[in-house]
Number of protein chains: 2
Amino acid sequence: MLNQSTDLDRLFHALADPTRRAMVERLSRGPAPVSELARPLPMSLPAAMQHLGVLEAAGLVRSEKVGRVRTCAVEPQALSQVEQWINARRSEWEQRLDRLGEYLKTLDNEGDGNGSSD
Amino acid sequence: MLNQSTDLDRLFHALADPTRRAMVERLSRGPAPVSELARPLPMSLPAAMQHLGVLEAAGLVRSEKVGRVRTCAVEPQALSQVEQWINARRSEWEQRLDRLGEYLKTLDNEGDGNGSSD
DNA sequence: ATGATACTTAGGCATATGCTTAACCAATCA
DNA sequence: TGATTGGTTAAGCATATGCCTAAGTATCAT
């Protein structure tokens, strides 16, 4: 259960940039060639390609070149590791809050006292 | 609906580091003082504090100082924006795949005889 | 073959990140 | 009161990131 960190590192890092999220959002609606991904972006084509490289390295996007056009598509299962991590966290702290709730109820029943020291 | 980017930027970026995720994981089990968060980490206390600062700036962690001890705790609703973004993407591309499935079925009905298979 | 299109590679620069050590302050404790 | 504990600030450094321009390479169109 310890650290296969690097996958999550790459995924979160890839998603931490608005340009890259915009690309993923675009690709969520269907595959697109590099130039179409780059066109709306306020940067040069090479810069856009670097972002694409980060997305591919993270496994979020897959691409294939046919003729001179490289077509990119989202990799639908790529986000599952992220989801798993988040769900794990959420369930942990929900459990904690549940236990805290129980505890507070218990205190309530005790009829409370003070407890200061200082 | 476009760009409240910066929140997501900070959240994803905060989670893109194994040290910071380790801190969140630790805090998911309950609040802890800075020194306890830092102790297991292979770095100096100031370095750990910087990570903590990133987590706080992202809204993932909240902390409060009492006496000379600063106690940190997870902010349970902080991940919801991340979840929303991920869910939005997933539902988009699931819809797409559904439509693709329909389309393929249609083709199939047309009575074309070959299988594109691969 | 010539030129346009669609990407790709290379090199470079500015800023951001992650870490370190060396003080420094504030609350206990002896 | 002075030492210790817990945290904070400051300065500096090495590497990583994000962008650029310029110069390729490989199709495709004529």
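Chain letters run A, B, ... following the sequence lines, proteins first, then strands; residues in each count from 1.
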**Q** Mind checking whether B:V24 and B:V82 sit in one hydrophobic cluster, side chains of I, L, V, M, F, W, Y counted as touching below 4.5 Å?
**A** yes
**Q** Decide yes or no for B:R90 and A:E83: does some side-chain heavy atom of the first lie under 4.5 Å from some side-chain heavy atom of the second?
**A**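 Contact flag for B:R90/A:E83 side chains = yes.
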**Q** When the ring planes of B:W85 and B:F12 are compared, do they come out parallel, tilted or perpendicular, using 30° and 60° as the limits?
**A** perpendicular
**Q** Does A:W93 have any side chain to side chain donor-acceptor pair (under 3.5 Å) partners at least two apart in sequence or in another chain, and if so, which?
**A** none
**Q** For the helix from C:dA1-D:dT30 to C:dA30-D:dT1, measure the angle between the helix axis at one end and the axis at the other, each built from five pairs, rounding to 10°.
**A** 10°
**Q** I need a per-nucleotide contact map over nucleotides 7-18 of chain D, read 5' to 3'. Cutoff is protein heavy atoms under 4.0 Å; write B for the base, S for backbone only, - otherwise.
**A** BBB--------S
**Q** Check residues 34-50 of chain B and write down every donor-acceptor pair under 3.5 Å in which the side-chain atom is one partner and the other belongs to a residue at least two apart or another chain.
**A**
from: B:E36; atom 1: OE2; to: B:R26; atom 2: NE; distance (Å): 3.2
from: B:E36; atom 1: OE2; to: B:R26; atom 2: NH2; distance (Å): 2.7
from: B:S44; atom 1: OG; to: B:A47; atom 2: N; distance (Å): 3.4

**Q** Applying a 4.0 Å non-hydrogen cut-off, can you work out what A:A47 is touching in the nucleic acid: base, sugar-phosphate, or nothing?
**A** sugar-phosphate
**Q** If Ile, Leu, Val, Met, Phe, Trp and Tyr residues are connected whenever their side-chain heavy atoms lie under 4.5 Å apart, and connections chain through other members, are B:L8 and B:V61 in the same group?
**A** yes
**Q** Kindly write out the residues that satisfy side chain to side chain donor-acceptor pair (under 3.5 Å) with A:H51, not counting sequence neighbours, or none if the list is empty.
**A**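 Side chain to side chain donor-acceptor pair (under 3.5 Å) list for A:H51, sorted by chain: A:R20.
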**Q** Side-chain donor-acceptor contacts of residues 67-80 of chain A below 3.5 Å, not counting sequence neighbours, with atom names and distances?
**A**
from: A:R70; atom 1: NH1; to: A:S63; atom 2: OG; distance (Å): 2.9
from: A:E75; atom 1: OE1; to: A:R62; atom 2: NE; distance (Å): 3.3
from: A:S80; atom 1: OG; to: A:Q77; atom 2: O; distance (Å): 2.9

**Q** Can you tell me if B:S44 touches the phosphate of C:dC19, counting only side-chain N or O atoms and a distance under 4.0 Å to OP1 or OP2?
**A** no
